[in-house]
Amino acid sequence: MTQKERQERSKREILKAAREEFGVHGYGAVTMDAICSRHGISKGMMYHYYANKDALFLLCVGDTFQALRDAVEQAMPQIAKERDLVSSVKAFFMIRESFFQDHPEDKNIFEEAMLRPPRHLSEQIRALHQPLRELNRQFLLRIVAQLSLRPGIDAAEAAQYLESMADLSRLLLQKYAADGLIPDAHNLLKRTGELIDWILFGVARQDVAAPEP
């Protein structure tokens, strides 16, 4: 084995250990010493490649974003075959759910980076997320092009709204699951379809007056 191959193997070992630690314990509870002691990594090797915990966390976040982006790109051709607008959006929303079900450590790293980022790393995380966000936005712009938008709302605003709703829908689905309202995959798909229908078309009829208080 060449020196370069040994170095690459060492980096993979460190990344695997770091992903497990951040994915299970979260940024705040992880230390470089803990990663080394729990995974049999020498401190000399660790600090030879990575200066501190921040560098390792950003490496894990970037790896998670890239893996999810790859999953989205791979699913795009199948999404394009969906028969209607709601089905296309549901399939798009379900990419992340399916990915995170298969990769729970990635789910925890993603949620911490997006929902609870260390403040001093926020800008770097935003930069790492940009390629995935741009891929999502391009898909959502194609979806918006099929909608009859309300007056005063342009395509970019509508796409940004749907992007925000994708994140909100995940939180709502998690709450439904915690409340026992999503016992299986069939109900997950059903609830996802309901949420998307509400997001796209609303929950109230505008031609019906509200009841008197």
Side-chain angles (χ1 to χ4, degrees), residues 6-75 92-136 163-164 166-180 182-185 188-189 191-192:
R6 287 195 297 271
Q7 290 174 340
E8 290 302 317
R9 184 180 67 178
S10 296
K11 289 180 179 180
R12 287 195 301 270
E13 290 175 357
I14 294 172
L15 175 60
K16 183 176 183 294
R19 284 170 58 81
E20 181 177 331
E21 292 299 311
F22 288 122
V24 172
H25 303 290
Y27 174 87
V30 172
T31 66
M32 298 283 271
D33 287 351
I35 295 174
C36 290
S37 62
R38 288 173 182 162
H39 297 271
I41 297 171
S42 73
K43 291 184 180 179
M45 184 174 75
M46 171 68 82
Y47 286 101
H48 175 72
Y49 294 113
Y50 303 105
N52 50 46
K53 181 173 76 170
D54 288 351
L56 264 182
F57 182 67
L58 290 172
L59 178 69
C60 293
V61 170
D63 195 64
T64 291
F65 286 165
Q66 183 59 52
L68 180 54
R69 189 175 190 274
D70 291 344
V72 172
E73 286 188 314
Q74 186 176 357
F92 177 73
F93 278 29
M94 287 304 298
I95 295 172
R96 286 200 301 188
E97 294 305 316
S98 298
F99 176 81
F100 288 142
Q101 285 179 7
D102 294 337
H103 304 88
E105 290 176 2
D106 282 300
K107 174 180 181 292
N108 294 334
I109 292 170
F110 181 89
E111 289 182 349
E112 182 153 33
M114 299 305 298
L115 303 177
R116 303 176 298 277
R119 183 174 299 178
H120 65 292
L121 299 179
S122 294
E123 288 299 320
Q124 289 145 292
I125 290 173
R126 189 174 296 113
L128 290 170
H129 184 241
Q130 184 58 33
L132 175 60
R133 184 178 183 185
E134 184 60 29
L135 180 65
N136 291 338
E163 184 179 15
S164 300
D167 293 328
L168 178 59
S169 70
R170 292 199 67 251
L171 298 177
L172 289 173
L173 289 171
Q174 288 175 9
K175 184 178 187 308
Y176 288 157
D179 292 343
I182 306 181
D184 52 37
L188 173 62
L189 288 170
R191 285 289 181 176
T192 303

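None of the values given here were measured: they were computed from a predicted structure.
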> Quick one: closest heavy-atom pair of Ile125 and Ala113, and the distance?
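Shortest heavy-atom separation between Ile125 and Ala113 comes out as CG2-O, 3.7 Å.
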> Return the set of residues passing ring pair (Phe, Tyr, Trp, His ring centres under 6.0 Å) with Phe57 (not counting sequence neighbours), or none when no residue passes.
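Expected list: Phe22, Tyr27.
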> I need the minimum non-hydrogen distance between Met45 and Ser10, along with the two atoms involved.
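Smallest heavy-atom distance, with atoms named: SD-OG, 3.3 Å.
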> Considering non-hydrogen atoms only, spot the tightest contact between Asn108 and Gly23 and give its length.
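Looking at all heavy atoms of both residues, the closest pair is ND2-O, 2.6 Å.
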> Taking Lys53 for its side chain and Val30 for its backbone only, find out whether a donor-acceptor pair lies under 3.5 Å.
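Yes, the answer is positive, given that a donor and an acceptor are paired below the 3.5 Å cut-off.
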> Does Ser37 use its side chain to pair, donor to acceptor, with the backbone of Ala34 at less than 3.5 Å?
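Side chain of Ser37 to backbone of Ala34, a donor-acceptor pair under 3.5 Å: yes, one is there.
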> What distance separates Glu8 CD from Glu13 CD, expressed to the nearest 0.5 Å?
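That separation rounds to 12.0 Å.
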> Could you check Glu111, Lys107, Glu105 and say which one makes a side-chain contact (heavy atoms from CB on, under 4.5 Å) with Phe100?
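Answer to the side-chain contact (heavy atoms from CB on, under 4.5 Å) test with Phe100 among Glu111, Lys107, Glu105: Lys107.
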> Of the options Leu128, Leu56, Leu121, which is the one that meets Val61 in a side-chain contact (heavy atoms from CB on, under 4.5 Å)?
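Considering Leu128, Leu56, Leu121, a side-chain contact (heavy atoms from CB on, under 4.5 Å) with Val61 is found only for Leu128.
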> Are the charged groups of Arg126 and Glu123 less than 4.0 angstrom apart, N to O?
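A salt bridge is present here (some side-chain N lies under 4.0 Å from a carboxylate O).
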> Quick check for you: to the nearest 0.5 Å, what is the distance between Ile41 atom CD1 and Met32 atom CE?
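Rounded to the nearest 0.5 Å, the CD1-CE separation comes out at 9.5 Å.
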> Keeping the roles fixed (side chain from Arg69, backbone from Pro131), state whether a donor-acceptor pair exists under 3.5 Å.
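Looks like yes, one N/O pair under 3.5 Å.
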> Begin from the C-alpha positions of Ile14 and Lys11 and carry the test side chain to side chain contact (heavy atoms under 4.5 Å, CB included) through to its verdict.
CA-CA 5 Å; Ile14 294 172; Lys11 289 180 179 180; 5.8 Å; no
> Of His25, Arg38, His39, which is the lone residue that meets side-chain contact (heavy atoms from CB on, under 4.5 Å) with Glu20?
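Single side-chain contact (heavy atoms from CB on, under 4.5 Å) partner of Glu20 among His25, Arg38, His39: His39.
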> Under 4.5 Å between any side-chain heavy atoms of His120 and Asp54, yes or no?
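Yes, at least one pair of side-chain atoms sits under 4.5 Å.
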> Between Ile109 and Arg19, what is the shortest heavy-atom contact and its length?
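Shortest heavy-atom contact: CD1-O, 3.8 Å.
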> Are side-chain N/O atoms of Gln74 and Asp70 paired as donor and acceptor at under 3.5 Å?
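Looking only at side-chain atoms, Asp70 and Gln74 do not form any donor-acceptor pair under 3.5 Å.
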> If you look at every heavy atom in Ala17 and Ile35, which pair is closest and at what distance?
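Where Ala17 meets Ile35 most closely, the heavy atoms are CB-CG2, 3.9 Å.
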> Working to the nearest 0.5 angstrom, can you tell me the gap between Thr64 OG1 and Phe110 CZ?
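Here the rounded value is 9.0 Å.
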> Measure the NZ-CG distance between Lys43 and Asp33 for me, rounded to the nearest 0.5 Å.
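The NZ atom of Lys43 sits 3.5 Å away from the CG atom of Asp33.
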> Would you please test Glu134 and Gln130 for side chain to side chain contact (heavy atoms under 4.5 Å, CB included) and show each step?
CA-CA 6 Å; Glu134 184 60 29; Gln130 184 58 33; 3.9 Å; yes
> Assess whether side chain to side chain contact (heavy atoms under 4.5 Å, CB included) is satisfied between Tyr49 and Leu59, documenting all intermediate values.
CA-CA 12 Å; Tyr49 294 113; Leu59 178 69; over 6 Å; no
> Any chance you could measure Gln101, atom CD, to Asp106, atom CG, to the nearest 0.5 Å?
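That separation rounds to 13.5 Å.
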